[in-house]
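For the numbers below, each heavy atom of this structure counts, side chains included, while hydrogens, waters and symmetry mates do not. The sequence lines fix the lettering, A, B, ..., with proteins before strands; numbering per chain opens at 1.
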Amino acid sequence: MSKYDHKKIEAKWKKNWEKSGIYKTGDPSFAKDSAGKPKYYVLDMFPYPSGAGLHVGHPKGFIATDIVARLKMMQGYNVLHPMGWDAFGLPAENYALKNKVHPADATAENIKVFKKQLGLLGFTYDWSREVNTTDPEYYKWTQWIFLQLFKKGLAFESYEPINWCPSCKTGLANEDLEDGKCERCGSVVEQKPLRQWVLKITDYAERLLNDIELLKEWPEPIKEMQRNWIGRKEGINIVYQIEGSDKKVICFTTRPDTNFGATFVVVGPEHSLISSITTSEYKEDVEKYVSAAKNKTELDRIAEGREKSGVFTGSYCINNLTDYKMPIWVADYVLGNVGTGMVVGVPGHDKRDFEFANKFGIEIKRVVVAGDGDTSPITKIEQVQEHEGEMINSGFLDGLDIHDATRKIMDRLEEKGWGKRVINYKLRDWVFSRQRYWGEPIPLVHCEVCKNKKYNYIILHGYTGTADQNGPGRGDSNNWRPWVKVKLEERGNKVFCPNLPNTNEPNIDEQVQYVIDNVNFEIDENTVIVGHSLGGVVIYKLLEKLNKKVGKVLLVDPVVSPEFPDKERLNVKKSCDWKFNFEKIKKLSDDFVVLGASDFATIFEKDLRFVADKLEANLVLAKPAEGHFTAEEEPVVLNLLNNTGWYPVPEKDLPLELPKVKNYEPTGTGESPLAGIDKWVNTLCPHCGGPAKRETNTMPQWAGSCWYYLRYEDPHNSKALVDKDKEKYWSPVDFYVGGAEHATRHLIYARFWHKFLFDIGAVSNIEPFTKLQSVGLILAEDGRKMSKRWNNVINPDDVVAEFGADAMRLYEMFMGPFDQACAWSTKGVIGCRRFLEKVWVLGEKIKDERLKINGDNNKNIEILLNQTIKKVTEDIPAMRFNTAIAQLMIFANEASQSSILNLQSFASFLQLLAPFAPHMTEELWANLGNKESIFKSAWPKFDPTKIQHSEITVVVQVNGKLRDEIIVPVDIAEADAKARALSTEKIKKWLDGKEPKKVIYVKGKLVSIVV
RNA sequence: GCCGACGUGGUGGAAUUGGUAUACACGCAUGCCUUAGAAGCAUGUUCUCAAAAGGAUUGAGAGUUCGAGUCUCUCCGUCGGCACCA
């Protein structure tokens, strides 16, 4: 009898699998054996190849996906199970700096180590599909996606103060913080004004939130974390006029119901309004307070706790509901980036406001009475009622429940023009630049000449409607046009912004002629034409008629056909013949942009797509400040006209490679180290061809991981980030396994990019990951996190060497519930090793006479096998590996003690164990005489008629306590079961001659007797 | 403060829709084997009472039920997330 030699067996089968290529994934288009098979895409969160190598915690998720992949293979699926490297970013760069190696070399070395370590565990990865985020052929497409975002106005330059880590010397996103500290190095972050690129993830906030509903197979806690992170709040912006001034204070609140109790207003110290409302008497105090607040770090604020501070500005504003004169204060408990940066103080019903008012002697009013009926004045913080009650002292709200009151007062405030309902999010836009070396270069070029070039603008309005159709005083000529005109003129541009004739009953030809007759400059390639709504039609006709090339055309929610989703517009229908020569128009500018309202409330989506398609325009969908872009200020419109001087690197020049340089130390100046490489920075403007400079910031670590799962589907495509047919076949990812710590970063970012890619037609689903599973941490044997610092790290290489990869795989799955944290136990590994040896011995006994008998199984074994097939088949996809393994152990224990074991039963058992312990089962499978891999065999099926014994034990309870057991046939009738239960000696004793009041029979389980 | 998850032997943990609590594994104990140790095998192992019979037991307490680890309420504790978020 030979011994179980894991080293020999594992080496043999690794080599064998590699040679036969059984884990190569077939693509549907060219792989013969994958045709007709259903696909299954199972994915791990790809690792960050750090310098420390893998510890035993890392592979836990990988083992799980490998087990699922092997099960699915055996169940006849075409399985995609890839692996790759997320290798850009701070950790690699900091490691490189510390060890004085180039990050590119360090990364390559780390990947080599990781790959070797993973190789030991016998995974089914198809390494021909390996991706690496630092490979130019990969990040070419990361850059490409960035450029698409840029072209849609979703990537913009900002100078807002952001989180700055003084030790890592880079700006950080909100998601990169932990308790106000840099998540990487633990330094306290500062707020630093910095030029940076920002992605407008907030444009997707609503969809990211709503579509969580679609994620039926995601863990509830992860979804809840995402909901909280997005933080949607419905409320109202209430406008208060400042006394003796034309300035206003606008306060966001979710609790307007308490507004009769508002007695003051607080402005955050960052707010630009402060200087203009502070009276001379208080100027000095306010300035002192503001500058002190600006110098406070996050840590200072935490240290101060809830102790309130603040200064009075000298100004008052009027609460329209009560005519109360509310003093306006400045205080740092109001945050500049939340809501409107100003808060209306209701000290009776908000604890923070109470503390503030109490400290500074501001009046405290009670407007809500809670269940206790107490209507006395509020003098203590414990009396502050925040979340329930009924209105008092609140005029027309009196007697209402707070929720009804909220609705009623919102209606009233809007009706009176004193407020406007708004939705606010906690989610901030994604700060996307890092002032560091080791990241994807942002593929943009800045041209001062182009930036400073002046243009002549024509801004055309649409149909203003009649009083009965659009309401009095509301019309498209009354929108953002004057605001945009002023902004453009401030920059030295000429602007022609006419009120077109007959706007109620427009005639397009007449309006076109009006423009031609009245424009006070030459229309040429230096002209930018903007048209809103029906103004779009004026542009089509104007260009057709002029037949001259212009610089740029921006169509803002343009009319394309006389049909509208909301209502009929007869006068619009009559305004022209609706025949446009788009072929001709297309040639009259190289730069068409269609800006559409993403709710498609006024212009059909199909119309927008049609015109964008015809004109080869860049279609930008955005949420207007007011429906159909009719607000006085529409920043999106201005952004699209704003000439920032930034131009995308032409797609043919991608990838824009990161130059390999000797010196890549962060500068700490707010510039990236790339800024010092003149040869790289100086380039030509893609727009005018003159000298220009490259963007030198790089992308954050999370960029490459936003879309890597798509690249696995088609890893070597040089024409697109993924081939459409392959994407359609493989996407979405069926099963995604990774750590819960990614809930509010990678998983939000990836969902954001995926939705964007869907919008531009690059992918076919709106969500990337169908089913998500989080992995629980493996702690060290001492119960702490594994860390060099504690010297408690366990290296998988050692475990594999001593006990074998199969034992390690088995143990990690047996430790406990998969998503739960659990401490490592070497004793536990030994237990799993013993189990494998037991199976090995069974395999060896095959040579023994009794096992060669191909006759009937022992009946118990037969039933146990069927139960085991059922349990393992159900438990693996549900990630209940621990109970699946327990069941396999039960079977092995029973089989070891049985005198008869059918050969076929043992083979089935090996198949069930194979996903967990692939090497050993493959060896034993071959020993049985099989020529093909066990993973090419079909997964066993159980016989439902054979999972139950013919006789079962039914327990008998008297008054809920277990008193006896009876053995009965499985199909015993209820009356018989009851009769048998009542007639046993023990039960008779417990009944003591009394008549049972009630007898309950639960089929196959128990008889419960009530006395 | 708010939101979420969880609390079962000496340990990791099992337990369909409420239906035999403690499966499986570790550890421990005793025995076999061995010069000895290790490994292996066998038996036992929730607690309590010397044993049997019995009783108690799923963080604590109450409730619903013939029956609660599982459902409801209150409290305590642990972990995770968010946080002067208006």
Side-chain angles (χ1 to χ4, degrees), chain A residues 178-180 219-229 231 233 235-236 238 251-256 258 265-266 268 301-302 304-309 331-335 337-346 349-353 355-356 386-387 424-426 740-741 743-744 774 777 810-811 814-817 819-832 834-835 837-838 841 874 880 882-893 896-897 953-965 996-1011:
Chain A
E178 238 168 50
D179 292 331
E220 204 48 55
I222 303 265
K223 292 197 275 189
E224 197 54 32
M225 278 161 79
Q226 292 209 347
R227 285 190 197 104
N228 291 339
W229 189 259
K233 283 173 295 208
I236 188 161
I238 306 181
C251 298
F252 176 75
T253 177
T254 56
R255 293 294 308 279
T258 60
V265 162
V266 185
R301 283 199 175 186
I302 290 165
E304 283 168 22
R306 296 176 66 89
E307 183 60 37
K308 296 288 177 289
S309 65
D332 66 3
Y333 82 92
V334 172
L335 307 175
N337 58 2
V338 175
T340 59
M342 303 183 260
V343 165
V344 55
V346 184
H349 304 287
D350 180 288
K351 292 206 161 121
R352 294 154 307 181
D353 294 346
E355 284 163 348
F356 190 82
E386 297 195 271
H387 302 297
N424 253 307
Y425 298 93
K426 191 178 84 79
E741 69 274 15
T744 55
S774 25
L777 221 62
L810 206 58
Y811 171 63
F814 186 58
M815 291 174 87
D819 57 357
Q820 196 177 295
C822 190
W824 182 266
S825 152
T826 302
K827 289 270 167 63
V829 189
I830 293 172
C832 287
R834 276 185 206 145
F835 163 66
E837 278 175 6
K838 189 174 274 183
V841 169
E874 289 169 357
R880 292 189 300 253
N882 53 339
T883 52
I885 294 169
Q887 182 68 32
L888 289 166
M889 286 172 168
I890 292 171
F891 181 88
N893 290 345
S896 298
Q897 286 174 358
T953 305
V954 166
V955 300
V956 187
Q957 293 180 345
V958 178
N959 285 341
K961 288 205 191 307
L962 179 65
R963 295 304 182 197
D964 201 5
E965 297 178 345
K997 272 195 198 133
K998 203 168 164 188
V999 181
I1000 295 152
Y1001 175 63
V1002 179
K1003 195 171 182 308
K1005 300 259 176 172
L1006 60 76
V1007 177
S1008 183
I1009 301 162
V1010 189
V1011 189

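- Nucleotide B:C2 has B:G81 as its partner under the Watson-Crick or G-U criteria, with both atom distances under 3.5 Å.
- When the P atom is compared between B:A56 and B:A62, the two are found 15 Å apart, to the nearest whole Å.
- In terms of position on RNA chain B, the residue among A:T254 and A:W229 whose nearest nucleotide sits closer to the 5' end is A:W229.
- Of all nucleotides listed (B:C85, B:C84, B:G4), B:C85 comes nearest to the side chain of A:K233.
- Here A:Q820 reaches the OP1 or OP2 of B:G13: one of its side-chain N or O atoms lies under 4.0 Å away.
- Using a 90° window around 0 for the glycosidic torsion, B:G9 falls inside it and is classed as syn.
- Nucleotide B:A53 is matched to nothing when pairs are restricted to Watson-Crick or G-U wobble geometry with both distances under 3.5 angstrom.
- Counting atom types as modelled, A:K308 pairs a side-chain N or O with a base atom of B:C84 as donor and acceptor under 3.5 Å.
- Pairing of B:C32, defined by two Watson-Crick or G-U wobble distances under 3.5 Å, is identified with B:G40.
- A gap of 16 Å separates the P atoms of B:U58 and B:G19, to the nearest Å.
- Spacing between B:A21 and B:G31 at atom C1', rounded to whole Å, works out to 31 Å.
- Side-chain proximity of A:E224 to the nucleotides B:C85, B:C3, B:C66 is greatest for B:C3.
- In this structure, A:C832 SG and A:M815 CE are separated by 10.0 Å, a value rounded to the nearest 0.5 Å.
- In this structure, A:R880 reaches neither bases nor backbone, as no heavy-atom distance under 4.0 Å exists between it and the strands shown.
- In the model, A:N893 has a side-chain atom that pairs as donor or acceptor with a side-chain atom of A:K838 under 3.5 Å.
- B:U22 sits 12 Å from B:G69 when the P atoms are compared, rounded to a whole Å.
- Where A:G816 and A:E220 each meet RNA chain B at their nearest nucleotide, the meeting point lying more 5' is that of A:E220.
- A:R227 has its CZ atom 19 Å from the C1' atom of B:A83, to the nearest Å.
- Distance CD1 (A:I236) to C1' (B:A86): 14 Å, rounded to an integer number of Å.
- For B:G55, one of the phosphate oxygens OP1 or OP2 lies less than 4.0 angstrom from a side-chain nitrogen or oxygen of A:R963.
- From A:F356, atom CZ reaches atom NZ of A:K308 across 9.0 Å, with rounding to the nearest 0.5 Å.
- One atom, NZ of A:K351, and another, P of B:A86, lie 14 Å apart when rounded to the nearest Å.
- Classified by interplanar angle (parallel below 30°, tilted 30° to 60°, perpendicular above 60°), the ring pair A:W824/A:Y811 is perpendicular.
- Look at B:G12: its Watson-Crick or wobble partner, with both distances under 3.5 angstrom, is B:C24.
- Pair check for B:U72 finds B:A62; Watson-Crick or G-U wobble, both atom distances under 3.5 Å.
- Taking atom P on both B:C2 and B:U11, the two are 33 Å apart, rounded to the nearest angstrom.
- Note on A:K426: every side-chain N or O is 4.0 Å or more away from OP1 and OP2 of B:A86.
- A donor-acceptor pair is defined here as one N or O able to donate and one able to accept, closer than 3.5 Å; no such pair exists between the side chain of A:E355 and the backbone of A:E307.
- On the C1' atoms, B:A25 is 11 Å away from B:A14, given to the nearest whole Å.
- Note that CD1 of A:I238 and OG1 of A:T253 are 6.0 Å apart. Values are rounded to the nearest 0.5 Å.
- Rounded to a whole Å, the CE atom of A:M815 is 13 Å from the C1' atom of B:U11.
- In this entry the distance linking CZ of A:R255 with P of B:C85 reads 14 Å, nearest Å.
- Taking OG1 from A:T883 and CD from A:E874, the interatomic distance works out to 10.0 Å, rounded to the nearest 0.5 Å.
- Rounded to an integer number of Å, the gap from A:D332 CG to B:A83 P is 17 Å.
- Scanning both residues, A:T744 and A:M225, for their nearest heavy atoms gives CG2-O, 3.7 Å.
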N/O to N/O distances under 3.5 Å, protein versus nucleotides 17-27 of chain B:
| unit_1 | atom_1 | unit_2 | atom_2 | d |
| --- | --- | --- | --- | --- |
| B:G19 | N2 | A:Q957 | OE1 | 3.4 |
| B:A25 | OP1 | A:N893 | ND2 | 3.1 |
| B:C26 | OP1 | A:R834 | NH1 | 2.6 |

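- Going from atom CE of A:M225 over to atom C1' of B:C79 covers 13 Å, rounded to whole Å.
- Between B:A23 and B:C47, the distance separating the two P atoms is 12 Å to the nearest Å.
- A:V956 places none of its side-chain heavy atoms less than 4.5 Å from the side chain of A:L1006.
- Straight-line distance between the P atoms of B:G77 and B:C71: roughly 22 Å, to the nearest whole Å.
- Proximity of A:R352 to the phosphate of B:C85: a side-chain N or O atom is located under 4.0 Å from OP1 or OP2.
- Using a 4.0 Å heavy-atom criterion, one finds that A:E741 contacts no nucleic acid atom at all.
- Between the CG atom of A:D819 and the P atom of B:C79 there is a distance of 18 Å, rounded to whole Å.
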